[in-house]
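Worksheet: the structure to be examined is printed underneath.
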Amino acid sequence: MSDKFVFEVSATDGAARTGAIRMPRGTIRTPAFMPVGTAGTVKAMYTDQVRALGSDVILGNTYHLMLRPGAERVAKLGGLHEFARWPHPILTDSGGFQVMSLAALRKMSENGVTFQSHIDGSKHVLTPERSIEIQGLLDSDIQMQLDECVKLPCTDDIAEKAMHLSLRWAERCRVAFGEQPGKAMFGIVQGGAVERLRIESANELVNLDLKGYAIGGLAVGEPQDVMLAMIDIVNPHLPTTKPRYLMGVGTPDDIVESVRRGVDMFDCVMPTRAGRHGLAYTRFGRVNVRNARHAEDPRPLDEASSCEASSAYSRAYLHHLVRCNEILGMMLLTWNNLAYYQFLMAGLRAAIAAGRLEDFIAETKEGWARGEQG
RNA sequence: GGGGGAAUGUCCCGAGCGGCAAAGGGGGCGGACUGUAAAUCCGCUGCGUAAGCUUCGUAGGUUCGAGUCCUACUUCCCCCA
C-alpha cells in the first residue's frame, strides 16, 4: 500500500512506544499532545507560538465550526489550515463530545444527533455522513467518527447502547470517508467502565481496519484508576501498528500514566482553559497564580524553561495580570502551560527512545511533589 | 445666617420603610476545571465548635421588639443668602 499516512514506531519501553505519524502536511511525533483549537484557534495563542512549542497537530471541532463560520464557508476560504494559518496537521473531533457536553440541547436517533445551537437555538442535524462531510470541507487530516460519548458513571445498559450505536456510526463514517490517501479517519472505542463492552467495541472497530483508534468516553467523571484500568483493558485489543488516541485527556499525571500504558496521542483543554483561569502547570506541579502568596514573588514560574512566559515574567507580575483579568495574563499562562505540556511530551518521547521511561516518570513525579522551585 | 439630605455588617459601594446577623455588588481569601456553551463556575468573607454573643455615626428616648420612629449632638453633602 502506498498510503501517505504512515505510523511508525521507532522504539518501545514496556507498553509505551515512541514514533511518528507521517502525512502530507507534516509529521506528528508520538506520544503527542494536541492543543485544542475548537473554534479554529488555540485560545489566547498565536499559531506561530503553538508551533514553536513543538506542537505537530492541533484540534478543531465539527460542531462549533459548522455553526460558525460554517463548514462550506471555511471550504470556500481554502480550508481550515489556510483559514486559521496553521499549515500543519489538524485533527477534528466529530461532534461526539457535544452529545455529552450539550446533552440538554440535543436529541439522539439512530440516524444521528439533532443539536439546538447554543448560539441562536437553530436546529442542526449531524449524521455520521454529515460529520465526515464537514470534516472533509474543513480539510481535516485526521477525522473522527461520530460517536455517542456518555458521562460516567452510567448504567451498563446505557453504556452498551451508546457503544453499539457508536459502532454502527463508525461503519457509516468509514463508508462516507472512503479512501483518502494521506488522511485518516479514526474509530472511537466506547463502552463506559465495562470491561466486556470495551473489549467488544475495540474488536469490532479493529475489524473495520481503520487507520487509527481512539479511546473515548474516559475522563468523563470516573476516577483515574478506572480510566487507567480501561486503557489497560482496551490496548491489548488494538493493533500495535496503528496510533492510539486517548480523547480529551488530560492532566500531566493522566498523560504520563497513559503513555506508560501505550497511548500515542492526547488532546485536552486543560492547559489552555486552566491557563485562562489562572492556573499554571510547571515542572514543580501546579501553581495557582491567583493566590496571595505570589503577590511579591519576583521569581519566574520556571527559570530554566525555554519558554519566555515561564522564564522571563515574575510570578508577581503574572499574579497582577490574572487579578486584573488582563488578556496578557491569560496569554502568558496559556503559553506557559502549553510549553510545559510539550516539554513533558518531548521528555516522554526521549525517555522511551532511551529505554528509561520509568526513571523519567519517577523524576517527573518527584518534581511535581517537591513543589515550588528552589 | 436660613433650608434640605446623608451616615449600614469594622476594605469599598449599597438595599433596608417596627421582628434583621441585616439583600446585592465590588474587593479579599480559597477551590474547581480532562474529545471547550468556560476570560467560566463554586465556597467563605462580625465573633464562637455550639447554645449563643456583639453590630447599622454618638448619646438618650418610645416600643414586647429599633438599622428602621422621636430628641440632641458629631461629621459630610446640596440649595438659598
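Atoms considered below: every heavy atom in the structure, side chains included; atoms not considered: hydrogens, waters and symmetry mates. Naming convention: chains lettered A, B, ... in sequence-line order (proteins, then strands); numbering from 1 in each chain.
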**Prompt:** Rounding to a whole Å, what distance do you find between N337(A):CG and rA38(B):C1'?
**Reply:** 15 Å
**Asked** For the pair made of CD1 in I327(A) and P in rA39(B), what is the distance, rounded to whole Å?
**Response** 12 Å
**Complete:** Under a 4.0 Å heavy-atom cutoff, the residues of residues 212-233 of chain A touching RNA chain B are G217(A), A219(A)
Sequence neighbours left out, cut at 3.5 Å: what donor-acceptor pairs do the side chains of residues 183-192 of chain A make with other protein atoms?
unit_1: K183(A); atom_1: NZ; unit_2: D139(A); atom_2: OD1; d: 2.3
unit_1: Q190(A); atom_1: NE2; unit_2: D147(A); atom_2: OD2; d: 2.8

**Message:** Tell me if a side-chain donor or acceptor on D13(A) pairs with a main-chain N or O of A16(A) at a distance below 3.5 Å.
**Reply:** no
**Request:** Would you mind reading off the distance between I119(A) atom CD1 and rA38(B) atom C1', rounded to a whole angstrom?
**Result:** 14 Å
**Item:** RNA chain B-proximal residues of residues 135-154 of chain A, any heavy atom under 4.0 Å
**Value:** D147(A), C149(A)
**Message:** Would you say the ring centers of Y63(A) and F115(A) fall short of 6.0 Å from each other?
**Reply:** yes
**Request:** Write down the distance between CG (N61(A)) and C1' (rU34(B)), rounded to a whole number of angstrom.
**Result:** 15 Å
Give me, pair by pair, the N or O atoms of the protein and of nucleotides 10-13 of chain B that are less than 3.5 Å apart, along with how far apart they are.
none

**Inter-nucleotide P distance (rA15(B), rG25(B)), Å rounded** = 15 Å
**Item:** Nucleotide rU34(B), atom P - distance to NZ of K43(A) in whole Å
**Value:** 14 Å
**Message:** Taking the C1' atom in each of rA38(B) and rA50(B), what is the distance between them to the nearest angstrom?
**Reply:** 40 Å
Run the side-chain donor-acceptor check on residues 148-155 of chain A: report pairs under 3.5 Å with partners two or more places apart or on a different chain.
unit_1: T155(A); atom_1: OG1; unit_2: I158(A); atom_2: N; d: 3.2

**Prompt:** Looking at residues 108-115 of chain A, who's got a heavy atom less than 4.0 Å off RNA chain B?
**Reply:** none
**Request:** Output yes when E366(A) and R283(A) qualify as a salt bridge under the 4.0 Å nitrogen-oxygen rule, no when they do not.
**Result:** no
**Prompt:** D48(A): what forms a salt bridge (charged side-chain N to carboxylate O under 4.0 Å, His left out) with it, not counting sequence neighbours?
**Reply:** none
**Item:** Sugar-phosphate, base or nothing in reach of T272(A), heavy atoms under 4.0 Å
**Value:** base
**Asked** In terms of side-chain heavy atoms of N325(A), which of rA37(B), rA39(B), rG35(B) is nearest?
**Response** rA39(B)
**Prompt:** Nearest nucleotide by nearest heavy atom, which residue falls closer to the 5' end of RNA chain B, A274(A) or L105(A)?
**Reply:** A274(A)
**Prompt:** With Y213(A), which residues qualify under ring-ring contact (aromatic ring centres under 6.0 Å, His included), at least two apart?
**Reply:** none
Please tabulate, one pair per line, each protein N/O and nucleotide N/O from nucleotides 29-32 of chain B that are separated by under 3.5 Å, including the distance.
unit_1: rC29(B); atom_1: OP1; unit_2: R323(A); atom_2: NH2; d: 3.1
unit_1: rC29(B); atom_1: OP2; unit_2: R323(A); atom_2: NH1; d: 2.0
unit_1: rC29(B); atom_1: OP2; unit_2: R323(A); atom_2: NH2; d: 2.3
unit_1: rG30(B); atom_1: OP2; unit_2: A292(A); atom_2: N; d: 3.1
unit_1: rG31(B); atom_1: OP2; unit_2: N288(A); atom_2: ND2; d: 3.1
unit_1: rG31(B); atom_1: OP2; unit_2: N291(A); atom_2: OD1; d: 3.2
unit_1: rG31(B); atom_1: OP2; unit_2: N291(A); atom_2: ND2; d: 3.0
unit_1: rA32(B); atom_1: OP2; unit_2: R286(A); atom_2: NH2; d: 3.0

**Request:** Determine the interatomic distance between C1' on rG60(B) and the same-named atom on rU10(B); round to the nearest Å.
**Result:** 24 Å
**Item:** Any R276(A) side-chain N or O less than 4.0 Å from OP1/OP2 of rU40(B)
**Value:** no
**Message:** What residues from residues 82-104 of chain A pass a heavy-atom cutoff of under 4.0 Å to RNA chain B?
**Reply:** D93(A), F97(A), Q98(A), S101(A), L102(A)
**Asked** Reckon D254(A) touches a base, only the sugar-phosphate, or nothing at all at heavy-atom distances under 4.0 Å?
**Response** base
**Prompt:** Quantified in whole Å, what is the C1' atom distance between nucleotide rC42(B) and nucleotide rG14(B)?
**Reply:** 24 Å
**Item:** Criterion side-chain hydrogen bond (donor to acceptor under 3.5 Å, both in side chains) on R290(A) and N288(A), from CA distance to verdict
**Value:** CA-CA 5 Å; R290(A) 288 198 76 91; N288(A) 188 337; 5.7 Å; no
**Prompt:** When the distance from CG of L333(A) to P of rA39(B) is rounded to whole Å, what number comes out?
**Reply:** 14 Å
**Atom-pair distance (CE on M45(A); C1' on rA39(B)), nearest Å** = 16 Å
**Fill in**
Residues passing the ring-ring contact (aromatic ring centres under 6.0 Å, His included) test with H237(A), sequence neighbours excluded, are none
**Request:** Determine, stepwise, if the pair H64(A) / R68(A) fulfils side-chain hydrogen bond (donor to acceptor under 3.5 Å, both in side chains).
**Result:** CA-CA 6 Å; H64(A) 297 264; R68(A) 268 191 321 209; over 6 Å; no
**Message:** Using the P atom as the point on both nucleotides, what is the distance between rG57(B) and rA66(B), in whole Å?
**Reply:** 15 Å
**Request:** List in chain and number order the residues that pass ring-ring contact (aromatic ring centres under 6.0 Å, His included) with H88(A), two or more places apart in sequence or in another chain; answer none if no residue qualifies.
**Result:** W86(A)
